[in-house]
Amino acid sequence: MAIIGGTGVYDPELLSDIEQILLNTKYGCVAVTIGSYEGKKVAFISRHGKGHTTPPHKINYRANIEAIYKLQAKKIYATAAVGSLRKELKPGDLVILDQFIDFTKKRKYTFFDGEEGVAHVDLTDPYCLELRDKIISQCNKLKIPYHATGTYICTEGPRFETPAEIALFANWGADVVGMTNVPEVILAREKELCYATIATVTNYGAGISETLLTHKEVSEVMSNNNKLLRDLLKAIIGN
Ligand code: HPA
């Protein structure tokens, strides 16, 4: 399986027998850490790179998913920091995403540009049901509270949203907002890989939050939740 670590999840601290490789794909080169946990092989990719050096709109999503595909991993667990559009989704809460809305503008969001043929993938269930069940059952086992569903709206970033946008997104039925799940989730489906995201609420969206938004706030909540996420990922891999 593979893990794509989002903001605050930069190191595969849970893995042993670690090997760092640079994997060449036709879309670009990807730094992958390969290791194992309880005898299971795991590939880890840091979405933003170590030290958060790649902004959301510059991530090479196609290369990352192609690298995982080439490594023959079949399941991808991703983590993501998100802003909340609803009072009941509080900073620190986990949301197991089940739907998304695409509000990005200029990303390479398909492998099927014509050269590799034309395909229209079904996204009735964009997030893999089997992996979502697995996350939920391990949360139950570890007594980690979670929200079992959530609609993610993906913005282009790297700026945060305006309060008007946040109000619109909430009206559209979105629950959380982030900058990276699209096109990651789509590309995984195009490669027929099972993909699920454990989202961590780091802040209320602009206009709901009583303070101005900062990346520092996002990073701090992620770092407070780091052990919890690591324990959850360990339980998921090990079971
Ligand atoms: N907006 C967009 N992306 C985010 C946010 C937010 O409020 N918080 C964490 N990632």
Side-chain angles (χ1 to χ4, degrees), residues 3-10 45-61 64 77-107 109 126-127 135 145-147 149-187 195-226 228-230 232-233:
I3 297 172
I4 301 181
T7 300
V9 183
Y10 304 114
I45 293 176
S46 168
R47 191 186 286 122
H48 297 278
K50 269 197 186 150
H52 203 95
T53 45
T54 313
H57 63 296
K58 291 249 174 97
I59 292 166
N60 194 338
Y61 296 96
N64 287 351
Y77 291 96
T79 71
V82 294
S84 166
L85 309 184
R86 316 218 169 263
K87 274 280 175 209
E88 62 274 21
L89 302 177
K90 300 183 222 51
D93 285 5
L94 298 189
V95 185
I96 317 308
L97 304 178
D98 70 326
Q99 286 292 322
F100 74 81
I101 298 171
D102 181 8
F103 203 69
T104 63
K105 296 185 172 72
K106 48 167 196 173
R107 299 187 179 185
Y109 49 82
Y127 298 90
I135 297 166
Y146 61 91
H147 301 272
T149 57
T151 296
Y152 176 108
I153 184 155
C154 194
T155 61
E156 186 64 30
R159 67 171 177 86
F160 288 115
E161 301 70 39
T162 64
E165 287 170 331
I166 291 292
L168 174 75
F169 298 162
N171 255 325
W172 280 353
D175 300 304
V176 293
V177 58
M179 304 177 191
T180 56
N181 241 243
V182 177
E184 204 168 86
V185 58
I186 302 171
L187 295 167
Y195 176 96
T197 300
I198 306 163
T200 304
V201 176
T202 54
N203 57 282
Y204 284 113
I208 304 175
S209 173
E210 284 163 11
T211 55
L212 299 183
L213 306 188
T214 62
H215 182 67
K216 185 163 169 279
E217 170 187 16
V218 172
S219 294
E220 275 170 9
V221 175
M222 287 312 291
S223 108
N224 291 341
N225 262 26
N226 199 278
L228 182 116
L229 269 180
R230 203 185 322 149
L232 178 56
L233 286 168

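Whatever order the structure lists them in is the order used to number ligands and atoms, beginning at 1. Small disclaimer: the values here were computed from a predicted structure and weren't measured.
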With a 4.0 Å cut-off on N to O distance, would you call Arg107 and Glu184 a salt bridge?
no
For Thr155, which of Asp102, Val177, Thr104 qualifies under side-chain contact (heavy atoms from CB on, under 4.5 Å)?
Val177
Do you know the tightest heavy-atom contact between Leu89 and Tyr204?
O-CE2, 3.4 Å
Gap separating the CG atom of Asn60 from the OG1 atom of Thr54, nearest 0.5 angstrom:
9.5 Å
Working to the nearest 0.5 angstrom, can you tell me the gap between Phe160 CZ and Asn203 CG?
6.0 Å
Ligand 1 N/O to protein N/O, distances under 3.5 Å:
from: ligand 1; atom 1: 1 (N); to: Glu161; atom 2: OE1; distance (Å): 2.8
from: ligand 1; atom 1: 1 (N); to: Glu161; atom 2: OE2; distance (Å): 3.3
from: ligand 1; atom 1: 7 (O); to: Asn203; atom 2: ND2; distance (Å): 2.9
from: ligand 1; atom 1: 8 (N); to: Gly83; atom 2: N; distance (Å): 3.2
from: ligand 1; atom 1: 8 (N); to: Asn203; atom 2: OD1; distance (Å): 2.7
from: ligand 1; atom 1: 10 (N); to: Ala81; atom 2: O; distance (Å): 3.3

As an exercise, state the distance from CD1 of Ile208 to CD of Glu161, rounded to the nearest 0.5 Å.
10.5 Å
